[in-house]
Amino acid sequence: MSFSMHGIGVSGGIAIGYAHLTSNARIEVPQYMLDRKHIKEELARFDEAILATRAELETLRHHIPANAPAELSAFLDMHLMFLGDSMIAEAPKRLIRETQCNAEWALAQQMEALVARFEEIDDPYLRSRQEDVVQVVQRVLKALTGPPSHLPLDVDFGVERILVAHELSPADMVLFKNAHFAAFITDLGGATSHTAILARSMGMPSVMALHNARGLIRDHDLLIVDGRDGVVVVNPDESVLAEYRLRQNQWRIDTDKLKRLKTSKSATLDGTPIELMANIELLSDVNAVKASGAHGIGLFRSEFLFLNRSDLPSEDEQYESYKAVAEALDGKPVTIRTLDLGADKQAPWGHTVADNPALGLRAIRLCLAEPGLFQTQLRAILRASVHGQVRILIPMLVSFMELRQTLQRIDEARDSLRRDGLKFDDGIPVGGMIEVPAAALSAGFFAEQLDFLSIGTNDLIQYTLAIDRADDSVAHLYDPLHPAVLKLIQYTLRAGAKAGKPVSVCGEMAGDPLLTRLLLGLGLRTFSMQPASLLQVKQQVLKSHLEELTPMAQRMLKNTDPDRTALLLNRLNG
Ligand code: PEP
Ligand code: MG
């Protein structure tokens, strides 16, 4: 049966391919076939994971704090009991043997079967015990998926495959980066979540917030994913398929045409130079940066070096990565943002997830609370600074005390490198991200103390409008054009200009060609974005006349009539 679904298009382009469903488990579970000769190893791997999980639960059981509620011990006993039950410890092994599937998949299938049985129980208390089954299985899955090398991420399926998931975390996306998927679609997620940002950086058409794709689509269904309009067509008929193939071709032709702009000078019609920089997450993104003709890297999200691993990257390992990026950029600026973990980017080690992680120990707050972790990273960045034009960027600054402490930590890292006789660029520029309304309203102070500012509009919008950027149920309220957001951007740009310090925008607004002229009109001269968007933004810059844009942008900033917003933006984009 053919039907279509609508969600949020988070990354443009059209993909046509066959559905590849991932498990319903909250940890995304890979599925692959094993060679007969590897079955024994897989069974041993499964047994080891069960043993490791048992050891973990027993350790927890022995370290229950004296003031913990009495139920905690009973709860852990119950989890140990479930873990020992043959339904969890043995049944998946039968599946591995019979179907030659991998251990994670077998366990996830067994979990789903058990959950379905619990669903049939009338007694609400007993029915709710399915949660415990899920939690125990999640623990075993974590033990199994620990080292990412177990995942079949370099499998070439031979045909175009589209990943269909209930939810994907940014860490999952990094793992899927090398898999040969043509597109991905999810039930949950928002357009500026880090998962969506990664999809754009991979240039992969993607649609999120489809709500029930995982339930309605079956493995191997033929799908069309239109990442621009947020549409997914399931099992299309011949005429729809032909129409989308045409659109897909047109998209490719347009993208190819844009490539001609790579070497043209980035300036407005009146000759004002506009700097177009790139955002990256991993060293491997550098090729896309070069292909885009970017002036440098305006945001290197260094926290991606810390995901999908149970240990921390050492100073040397970090140094090698930063150095490689600095060298690859060949003297162009490389802005390394210090660790921004927390909220939707959780590392498997360290802190427990708070009730409200976006407002918790995130970004610079986490780094200041973990001086050892921060020093290691600062030393690595400083050491890399001799290999290019490296700059340090501090995420989510809010208070003046935080800034003072951060600058002290950077001085301490400098001192320790001097003591060790290691070289670094003593004049390395240090900048701060303006991502919280309090920081925007104090931009004058931050601009005076720092060498540059960068506005993180993804978080600035989230914190100004009180909208969780990863929550699709409030995605319709996430509004970059809200006058409060535009005022904070303009206020920050003006504060930077007054202090004589450059200000860029590195949130997703900078990469949206529909907003380029608005940002130019507000006074922005440096944009940093996913390399995939850079030439589209350049195209807008090249046809802009600043004198015309400035008064039009002011009109948008003062507009309080929601019906006029689209009209004003259309006029601006002329
Ligand atoms: C932002 O918040 O706009 C930003 C660039 O940082 P991130 O998206 O990594 O939170
Ligand atoms: Mg941010």
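Note that the structure is predicted; figures quoted are calculated from it, not measured. First listed ligand is number 1; within each ligand, the first listed atom is number 1. One-based numbering along the sequence shown.
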Provide the closest heavy-atom pair for [X] versus [Y] in the form atom of the first, atom of the second, distance.
| X | Y | value |
| --- | --- | --- |
| Leu407 | Val430 | CD2-CG1, 4.2 Å |
| Ser454 | Cys506 | OG-SG, 3.2 Å |
| Thr192 | Ile197 | O-CD1, 3.8 Å |

Non-hydrogen side-chain atoms of Thr268 and Val541 separated by less than 4.5 Å: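 In short, these two side chains touch, coming nearer than 4.5 Å.
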Rounded distance [0.5 Å steps], CZ in Arg517 versus CE in Met552: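 If we round to the nearest 0.5 Å, Arg517:CZ and Met552:CE are 7.5 Å apart.
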Gap separating the CD1 atom of Ile274 from the NE2 atom of His295, nearest 0.5 angstrom: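 Rounded to the nearest 0.5 Å, the CD1-NE2 separation comes to 10.0 Å.
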Neighbouring residues of ligand 1, heavy-atom cut-off under 4.0 Å: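 Correct list: His194, Ile197, Leu299, Arg301, Arg337, Asp340, Lys345, Arg362, Met433, Glu435, Gly456, Thr457, Asn458, Asp459, Arg469, Cys506, Gly507.
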Results of ring-ring contact (aromatic ring centres under 6.0 Å, His included) for Tyr491 - residues two or more places apart only: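 ring-ring contact (aromatic ring centres under 6.0 Å, His included) list for Tyr491, sorted by chain: empty.
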Mutual orientation of the aromatic rings belonging to His387 and Tyr319 [parallel < 30°, tilted 30-60°, perpendicular > 60°]: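 The arrangement is tilted - the two ring planes meet at 30° to 60°.
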Total protein N/O/S atoms whose distance from the Mg ion (ligand 2) is less than 2.8 Å: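 Protein N, O or S neighbours of the Mg ion (ligand 2) under 2.8 Å, waters not counted, come to 2.
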Partner set under salt bridge (charged side-chain N to carboxylate O under 4.0 Å, His left out) for Arg414, not counting sequence neighbours: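 Salt bridge (charged side-chain N to carboxylate O under 4.0 Å, His left out) list for Arg414, sorted by chain: Asp411, Asp426.
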